[in-house]
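Right, one structure below, let's go through it.
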Amino acid sequence: MSEMMNVSLSDYAEFDAETALRRYLARGRDEECALEKLAKGGTWIELRIHASTCHPDAYCDTSEELFLRLIAEASLAAGAQYGKSAMAQHFVEKSGKKGKAASGESELWSMGFSVTDSTSPLIIVELEFEDRGPDGPYAGGRDTTVEALVLVPKALAPDISEIGAFDSAAWGGARRLDDAERARQLAPVRAEVRLIPASVAISGKHGVRHHSDAGWKKVGPASGMDNYVHGICVHDDAVYVIDASKAKGPLRLGDDAKPERVDLGLKEHSLSCMTSAEGALWIGGAKGLVEFREGEVAGRWDKKSGLVRNDVSAMARTADGGWFLGSGGGVSLLREGEVVETVSKGLADSKIRQVLVGSDGLRWSAGQKGVTRHEAGGKLEVFQSRQNIQGVVGVVEFQGGVLVGSLEGSRYIPANDDRSYAIDGLETLPGVVAGFEQCGVYWLLTIAGQLLRIVEGEPIRVFVFDNPPPGASVTSGYGMAMHAGTLYLALHWGVLGVEIDTLVAALERPADNLAIVSEERAAKIVPFQLPSVGATKAVAASVDVVGKKVCITGRFSRLDRADASAKLEALGAKIAGSVGKQTDILFAGDRAGSKLAKAEQLGIEIYGEDELLALIAASPEAAAAEAPAKTKPTPAADASGRFAGKKVVVTGTMQNMSRAEISEKLASLGAEVMSGVSKKTDFLIAGAKAGSKLAKAKSLDVTVISEDEFIAAIRA
């Protein structure tokens, strides 16, 4: 069997369970997935594994299996006996009675060995891999490298402290190492992480607890508070909390932090959002918007009042004292007690979860599918997956634009821009859900319950709570409020508070994660700065396209593909319509599809729109070049006359021609291109994800042809 892996072990250290957990948290990880394992006690090894494989003959199913096998091999290299090491004894074939080894054979040393993230005693803290092999998603291909920081019980590998490097002869690579999403989640956090203690916690299950050096102490009941929090705000010198119960009002937290239920007389009014303005408490819920002032209901608005729907899921104050309201059917604008505008169509998502009114007066609405900017004159600018916006969990005003949080992270949308931008340092952190600005300092709450402090020109600071109260896990952030020197965070299970003095003190000491990473990794923590909006990468100007076969694919936001082709030809490039082995360079926009995948498979140089613009800007001749003016095609029947005089609908996602190109070709063949399917439709040309038009065509017995069939027909 050929040699497959060169393995090196470094950063070896031993810790008790409590210290191991603190170090785990200091790398920005969520404690919930590791707490149960680490709580079992004992001594833990923190270990960095670096492995490279050049010719895999066998595969592990997961990265957990791969790393456990490598650690087991390290034990053998340290002198452990085959099949009798502590690691081998931990895993035995399950045959007959539970836990009994079959014929004394250890499952660890067979290809039947299998563990998952939940069953493995190993905890992956960080994971980075690079697959340059030919095996597609398989990380076990040629020339693959993987590096991981792991925690493993010392009892399973007691003798590997002196092992620096060894050759692994049998284990191959991991088939799913594990995928790009997991690698992103476990990537090293490019921010300074500081562990801090919370000062107060409120939940229905555990009541109100204050924290001191002696630990958590219960100081009051939670007055029936449910363990699911919707929102939080400050009103009348107290903190108000909306929870998931069907109570008639929110919880009020006074100076003693003992919550009391406020009965607003809302009659089973399920609450969803809340804020304070002009001395009144404004609450949205299943039956509309309610203004609560001086102990009484001062106003009510619902669909009968003109709202787009009865339910109010989000609200924001406008500059003129009105309200911008979100619901499950769109948005409504309330001004001087009257509904003056509703919008239900043309939105990125009509099921509104968040709304925002910026200091510039721009209104924003957001749902899971994307974000909509409401501009003057009723113009709507939609941001969805094409602009890398989807799965939205929060929208926060941020340095002249907005920061959009999603399950994938956070993206920045500048004012009056039609693109979203990644921000260095935020791409490895969970998406933001709430935040506010205070004297140039931005405090942001992530969906994972982390507190961020962002100041331009300084590294991003991440605060992770290392003392969650018993029975609580600091996950799923929903909102935040500042009151009496304490920052209150609305989380899934309740409310957590931290004193500002604690945060300030944490800033005065070194970051916890900087103290336990190498200089190389510490250098990756860079000062925060906004992306250069609209600027291009200067390095792109050095791309050589002279005499090269260049293909352009995908959608570009600032450049027409025909113009791009003309400008590249002016630079001496040969434009290719498809990607093949002879293709030298691919410029790919959004939704590049199969051409991008093929280029990656063939190892072709790939650049984006920014690089293309920089390349053009570097050449006056290229910048001046223009695509030939389009002329209206003269209808002419194709060879078979199949489409002449026919009514044709084009739908779905195409791979080789855009829908516009197909429609233009159809017009040149004498066809009439229609937008909707009806009984009069002769053909439907359907790409991927054709949807309702395809279903309707089938129900009407309309002839359906694929993109490939259409291309074959026009070439016949």
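- When atom types are taken as modelled, the side chain of Trp216 and the backbone of Asn467 share a donor-acceptor pair closer than 3.5 angstrom.
- Taking the side chain as every heavy atom from C-beta outward, Ile202 and Leu496 never approach each other to under 4.5 Å.
- Considering all non-hydrogen atoms of both residues, Gly580 and Ile604 come closest at O-CD1, 3.6 Å.
- Residues Val150 and Ile123 have side chains not in contact (no heavy-atom distance under 4.5 Å, counting atoms from C-beta outward).
- A heavy-atom distance below 4.5 Å is not found between the side chains of Thr486 and Val498.
- Using the six-membered ring where Trp is involved, Phe528 and Phe398 have ring planes that are perpendicular, over 60° apart on the 30 and 60° scheme.
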Derivation of the side chain to side chain contact (heavy atoms under 4.5 Å, CB included) call for Leu429 and Val189: CA-CA 7 Å; Leu429 296 170; Val189 175; 3.5 Å; yes
Stepwise side chain to side chain contact (heavy atoms under 4.5 Å, CB included) check, Arg353 with Gln368: CA-CA 8 Å; Arg353 295 184 175 185; Gln368 184 177 10; 3.4 Å; yes
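- Between Leu444 and Leu403 there is a side-chain heavy-atom pair separated by less than 4.5 Å.
- No side-chain heavy atom of Tyr478 sits less than 4.5 Å from a side-chain heavy atom of Leu491.
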Verdict with reasoning, Leu426 to Ile460, per side chain to side chain contact (heavy atoms under 4.5 Å, CB included): CA-CA 8 Å; Leu426 282 180; Ile460 296 174; 3.9 Å; yes
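- Taking 4.5 Å as the limit, some side-chain heavy atom of Phe463 sits within range of a side-chain heavy atom of Trp443.
- The minimum heavy-atom distance linking Pro430 with Ala448 is given by the pair CG-CB, 3.6 Å.
- The minimum heavy-atom distance linking Asp512 with Arg509 is given by the pair OD1-NH1, 2.8 Å.
- Put simply, the side chain of Ser199 gets close to the backbone of Gly497: a donor and an acceptor are under 3.5 Å apart.
- When each of Val193, Leu195, Val462 is tested with Asn513 by the rule side chain to side chain contact (heavy atoms under 4.5 Å, CB included), just one qualifies, namely Val193.
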Trace of the side chain to side chain contact (heavy atoms under 4.5 Å, CB included) decision for Leu503 with Leu451: CA-CA 10 Å; Leu503 298 172; Leu451 180 63; 4.0 Å; yes
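- Distance alone, capped at 3.5 Å, is enough to place a donor-acceptor pair between the Ser75 side chain and the Ile71 backbone.
- Put simply, the side chain of Tyr421 does not reach to within 4.5 Å of the side chain of Leu530, judged on heavy atoms.
- What you find for Ala490 and Leu445 is that their closest heavy atoms are O-CD2, 4.1 Å.
- Proximity of a side-chain donor or acceptor of Arg411 to a complementary backbone N or O of Ser420 within less than 3.5 Å is detected.
- Remark: side-chain polar atoms of Thr446 are not paired, donor with acceptor, to backbone N or O of Gly431 under 3.5 angstrom.
- At a threshold of 4.0 Å, the pair Glu46-Arg27 counts as salt-bridged, since one of the basic side-chain nitrogens sits closer than that to a carboxylate oxygen.
- No donor-acceptor distance shorter than 3.5 angstrom exists from the side chain of Asp16 to the backbone of Thr43, with no hydrogens or angles considered.
- For the pair Ala20 and Phe15, the tightest heavy-atom approach, listed with the atom from each and the gap, is N-CB, 3.9 Å.
- Residues Leu507 and Arg461 approach most closely at CD2-CG, 3.7 Å, considering heavy atoms.
- Side-chain atoms of Thr583 do not come within 3.5 Å of backbone N or O of Ile585 as any donor-acceptor pair.
- A search for salt bridge (charged side-chain N to carboxylate O under 4.0 Å, His left out) contacts involving Arg194 returns Glu192, not counting sequence neighbours.
- Val495 has its side chain out of reach of Leu489: every pair of non-hydrogen atoms, C-beta onward, lies at least 4.5 Å apart.
- Ser406 contributes a side-chain N or O that, together with a main-chain N or O of Gly409, makes up a donor-acceptor pair within less than 3.5 Å.
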